[in-house]
Amino acid sequence: MTWTAPHIERTTDDGDQLNVPSAADERVILEGWLRWHRETLLTKCAGLTPVQLARTTAQPSGLTLLGLVRHMAEIERWWFRRSFAGEPIGEVFTGPGDGDEGIEGVDAAHAERDFAAYRAETEACEAAVAGRGLDETFVHATRGRTVSLRWVYLVMIQEYARHNGHADLLRERTDGATGDYPAPR
């Protein structure tokens, strides 16, 4: 049986599919929105085959759903682990053709591996910031300015929001599926 991107269940104890607390402390809300956006990206990929995930559907753009998953693994690692936590680690996807922060170098044969790497990276990022305060800072490596963990959460939420819009279009162009829980038409 051919691997397909796994389906994602997004519910809370009260059945709210948004899965983000609307009245909680700031950290809980930021983590909730980031989790929702992570799940949204995976939901846009759910049920697709490796070939579908690696297909460019909005030419002339070379963007693919698998490329977005790889890209977000790279961005997660850059902000949470390499920048904030200061971990001396390289990129998630390295090697010839893997350029542009994971977007390029997509290979359908590696889709399952790439999804596993994404999931492992988000878990490692959560662990890297667990128990750390939103006001904790680091100096940005290329811009030399001081950045807080709070800012990192916000930049990650906006990064996912932007790319989840791309994922909406790519999924619709792949099999006609639209919405928060796309079912192919």
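Keep in mind that the numbers below use all heavy atoms, side chains included, and drop hydrogens, waters and symmetry copies. Predicted model, so just to flag it, every value in this text is computed and none were measured.
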Item to check | Common cluster, F115/V51, ILVMFWY with side-chain heavy-atom separation under 4.5 Å | outcome: no
Item to check | E39 side chain to I8 backbone, donor-acceptor under 3.5 Å | outcome: no
Next on the checklist: Could you check whether any side-chain heavy atom of L41 comes within less than 4.5 Å of a side-chain heavy atom of H163, counting everything from C-beta outward?
Outcome noted: no
Checklist entry - Quick one: do R77 and E87 make a salt bridge, cutoff under 4.0 Å? => result no
Checklist entry - Looking just at side-chain N and O atoms, do H71 and E159 make a donor-acceptor pair shorter than 3.5 Å? => result yes
Checklist entry - Between H140 and W79, what is the ring plane arrangement, given parallel below 30°, perpendicular above 60°, and tilted in between? => result tilted
Next on the checklist: Let me check something: do V152 and I89 share a hydrophobic cluster, defined by ILVMFWY side-chain heavy atoms less than 4.5 Å apart, either directly or through other members?
Outcome noted: no
Next on the checklist: The test is side-chain contact (heavy atoms from CB on, under 4.5 Å); show your working for R171 and T43 and say whether it passes.
Outcome noted: CA-CA 10 Å; R171 178 63 189 253; T43 298; over 6 Å; no
Next on the checklist: Could you see if L68 belongs to whatever hydrophobic cluster contains I157? Use Ile, Leu, Val, Met, Phe, Trp, Tyr and a side-chain cutoff under 4.5 Å.
Outcome noted: yes
Item to check | Side chain proximity check, I103 to R70, heavy atoms < 4.5 angstrom | outcome: no
Next on the checklist: For V106 versus A54, what's the shortest heavy-atom pair and its separation?
Outcome noted: CG1-CB, 3.6 Å
Checklist entry - Once the angle between the rings of W33 and W36 is folded into 0 to 90°, is it parallel (under 30°), tilted (30 to 60°) or perpendicular (over 60°)? => result perpendicular
Checklist entry - With distance as the sole test, does Q158 use its side chain to make a donor-acceptor pair with the main-chain N or O of V155 at under 3.5 Å? => result yes
